[in-house]
Amino acid sequence: MPTSPAATGSPPRHSCGTLAVVIASKPPTAAEVELSVIAPCLNEELNVGELTRRVLTTFDHGEIAGELVLVDDGSTDGTAAAIRRLEVEHPGRVRGAFSHHNRGIAAAWRLGLGASRGKLVSVIDADLQYQPEDLLRLRRELYDHSVDVVQGWRSPVGRARGQRYTLSRGLNVLLNRIFDMDMRDNKSGFIMCAREVMADLLSYKGSYFYWQSFIMVAADAKGYSYKEIETLFDERRAGQSFLEKQAITASAKSVFDLGKAAWEYRVRRPPPDVGNQFLRRYPIVDRSPERNPLESLRWRAYFATYNQTHFMVTRDVEHYYETLRKTQWLTLAQMRELQDEKLRRMVRHAYRNVSYYRALMQAHHLRPDDIRGQADLHRLPMLTKSDLRRHLCFDLLSDNHDKADVIRITTSGRDGEPLVCYADRQALELRAAIALRGSEWTGCKFGEPSLRFWDEGLGAQPAQRAREQADAAIANRKLLSGFALDDAAVEQALATLASARPALVEGSTEVLGYLAERQLAAGGAAVQQHPRAVATSGQDLDPATRARIAEAFGTHVFDAYGCREMGGIGFECEAHTGYHVAAEGFIVEILRDGRRAAPGESGEVVVTDLANSCMPWIRYRTGDTATFIGDEPCPCGRHTPRFGDLRGRAPSILEGAGGRRVPSGFFAHYLKDFDYAIARFRVEQAGPGAVRFRFARAGRFSQEVLDEILATFRARLGEETRIDVEPLEAGGISGSAGQDARGDNGHPRA
């Protein structure tokens, strides 16, 4: 079989007009089919033969492993018999699908899609008004521009300007104005896209007379990228269109459909949630526990005020969360299929809109279609922190993001080297939903009393801190400082634990580990009114620390893994069999010597973010290590990849003068915002009541900045604390108090 241009990276050949057969291709196998062309047929006995000849000739000319799917939509002439003859004449290249009743074009597309096998799908009318030869042009545009959908708009050249033309142009104006689009031919039904994209577009909810008129409206509403190209349009030469005698009636029905479509795609326009779209095609049984009336009331009240208590993110978080409650029960194969679909979208987007990835892929002779799933990820180079710093201001941001929906995130970096990155609203909302679900895996329901040791809103504006405190109050969550561990603060924390009687306690590993140590040292008994769960994050949780926290709090410990750049990535479930990857948002590779680690082997943690389109993270080297557990089902029933034995950032507590103690997380959190002045840093204990601050200067360092930093250190550690300031040479750190490789349970703040 001829080599596909998609595999070679060369542009497909194309031409205009009728083509001569170039190669007599053998029938492609199911795995080889690149393009399926679906043609609904209603009384097209006189056209299907010519349509077949021209489509197959086009396949041969373009060296495409393709198939033509002819869908008989309840014809009353000899169309069905003609399709069966063509199947016999062209085995494997022509496939028939049959409906006993006329169900309409959209239903015929669905039927044809179910019978098709191609990675790409195109729909075309059987009456030869659209030219089959233009399939090559649609395919070329799809590959060259890496968009999700290519549509052929009907050229006015040689087109009759009768009643149907006028009505069609009028409907186009209405579609553009109602749905805020700007297309030359919005209702054209000549399109090409990936198979999963077509399946998603056809998963509409409403009942329509002629849904096919809204296929590009659906593409726009669901966040797909698209491109129009001019295609020739001919008059019907054989047979009769059902519209010939009822153009006015059909137009009236189309206007009626407009109201339904406006409700579905404009008024109730859902967030661009691939997971929800996936569930429409693969429905599952939701095994998540139901909320009682009181819990539901609190939940609704929480999200009724969500937009006012959060910055950037909106109550769309609830939509993502409800999807995640269902997708967690997908089979492993289904979850991987969902991840692969998201990966293909992200790679197409990155190639099209992010010059860094486009140049990178071109340098490695790759096109988006070469990355079909996780099995192909190894073909892409990994993204390092050095790459991020070098390319951030040049070409890592997409050229099509909405500036109003993007925030700046700073992190101290794993090695105390501040890092700046960006995230868009959609990614932040999915991360927030993942964090909500991860919290529920502890067995504690939303709205039950909880206690969180937080970052005090450090670095945030007063209005933002107020929003966080209001959010906590509505969620029935008490906030305590996670940056103060002197005797008075520890006593207050333990007293609050006793009085608040929280069901869930959340905080960094180093803070909760220290509180547990103090509690056990005081009497060896668990805290009074022990919570049902403790959730740790931020630093490594070794077995000894886990056991100490469990004993002191008298409950189970649930650890979470993440990074400030991406939020929560992995969470423990009630079975405590490792960290479940939040697979709807991330692909996690555990690599050993560049290959995928075998079960039980440890390796480097490499993460691909499947949601952040403003700044894609594809194969990001986190700097952490973990052990790959394997793909065996977890006793909890969730079929996601798991890993364990994490090694990233060690917990540490620094002691100042007068019994003042500060966890290392404070320095990481505070110094991240000084990336303009401090290139790298390390804060370490230098002796009783003394710390050592080692740093390398960045371009805008000044003595005033250093004085401000030291004043803050003394305010936290005690004015009598001795602070030794020393220069830090390049490459002079390995594991610092400034590390920030493990996030705060999915709650990053810009």
Side-chain angles (χ1 to χ4, degrees), residues 3-12 119 140-148 194 224-225 227 339-401 406 408-409 411 413-414 417 419-424 426-427 563 565-566 569 585-596 603-624:
T3 303
S4 165
T8 62
S10 60
K119 300 179 182 68
R140 182 186 64 189
E141 295 296 315
L142 195 70
Y143 284 141
D144 285 353
H145 295 276
S146 299
V147 290
D148 297 313
Y224 289 109
S225 60
K227 190 177 188 302
Q339 288 181 303
D340 287 349
E341 181 174 335
K342 289 190 173 187
L343 176 63
R344 288 192 291 271
R345 292 194 189 198
M346 183 58 72
V347 170
R348 286 197 300 265
H349 162 76
Y351 186 88
R352 181 178 65 251
N353 297 304
V354 184
S355 57
Y356 170 82
Y357 285 106
R358 184 165 55 250
L360 188 71
M361 292 179 68
Q362 289 174 349
H364 287 78
H365 308 290
L366 293 171
R367 296 184 63 83
D369 195 58
D370 295 324
I371 311 300
R372 298 297 305 166
Q374 297 167 67
D376 300 317
L377 262 179
H378 69 278
R379 304 178 67 179
L380 290 170
M382 287 185 276
L383 179 70
T384 67
K385 290 179 172 65
S386 179
D387 294 328
L388 286 168
R389 295 185 179 97
R390 186 166 57 250
H391 292 277
L392 177 66
C393 297
F394 293 98
D395 50 11
L396 260 174
L397 286 169
S398 68
D399 57 20
N400 69 333
H401 60 268
V406 173
R408 182 178 188 265
I409 295 175
T411 167
R414 184 179 187 274
E417 188 171 0
L419 181 69
V420 175
C421 57
Y422 294 86
D424 57 44
Q426 180 183 341
C563 59
E565 301 97 295
M566 300 182 189
I569 296 171
F586 305 97
I587 293 172
V588 174
E589 301 173 84
I590 309 297
L591 302 179
R592 186 179 183 89
D593 300 325
R595 61 169 173 81
R596 183 187 181 191
E604 179 182 9
V605 178
V606 177
V607 180
T608 296
D609 189 326
L610 299 172
N612 191 25
S613 59
C614 81
M615 183 178 170
W617 301 75
I618 301 176
R619 306 200 77 202
Y620 174 57
R621 302 180 71 171
T622 64
D624 299 332

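Heads up: numbering here begins at 1 and tracks the sequence.
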E141 side, atom CD; S146 side, atom OG - distance, nearest 0.5 Å: 11.0 Å

E565 vs I409 side-chain heavy atoms within contact, under 4.5 Å: no

Nearest-0.5 Å distance that lies between atom CG in D340 and atom CZ in R372: 9.0 Å

Under-4.0 Å salt bridge between D144 and R367: yes

Worked check of side chain to side chain contact (heavy atoms under 4.5 Å, CB included) between V605 and I569: CA-CA 11 Å; V605 178; I569 296 171; over 6 Å; no

Within-4.5 Å side-chain heavy-atom neighbours: E604 and R621: yes

Sub-4.5 Å side-chain heavy-atom contact between L360 and P381: yes

Side chain to side chain, R619 and T608, heavy atoms closer than 4.5 Å: yes

Full working for side chain to side chain contact (heavy atoms under 4.5 Å, CB included) between L610 and F586: CA-CA 5 Å; L610 299 172; F586 305 97; 5.7 Å; no

Spatial distance of atom CD (E589) from atom CD (Q374) [nearest 0.5 Å]: 8.0 Å

Intermediate values then yes/no, side chain to side chain contact (heavy atoms under 4.5 Å, CB included), N400 and H349: CA-CA 10 Å; N400 69 333; H349 162 76; 3.5 Å; yes

Value rounded to 0.5 Å, distance of CD in E341 from CG in L343: 11.0 Å

Step-by-step side chain to side chain contact (heavy atoms under 4.5 Å, CB included) determination, L383 to L388: CA-CA 7 Å; L383 179 70; L388 286 168; 3.9 Å; yes

Interatomic spacing from SG in C614 to CG in N353 - rounded to 0.5 Å: 11.5 Å

Heavy-atom check, side chain of H401 versus side chain of Y422, under 4.5 Å: no

Under the ring pair (Phe, Tyr, Trp, His ring centres under 6.0 Å) test, residues paired with Y356 that sit two or more places apart: H391

Polar side-chain atom of Y357 near backbone of I618 as donor-acceptor pair, under 3.5 Å: yes

Test item: side-chain donor near acceptor, D399 and S355, under 3.5 Å: no

Min side-chain heavy-atom separation W617-N612 under 4.5 Å: yes

Gap between atom CG of L377 and atom CG of L591 - 0.5 Å precision: 9.5 Å

Whether K227 side chain and D148 backbone form a donor-acceptor pair below 3.5 Å: no

Heavy-atom side-chain proximity of R348 to V147 below 4.5 angstrom: no

R344 side chain to I371 backbone, donor-acceptor under 3.5 Å: no

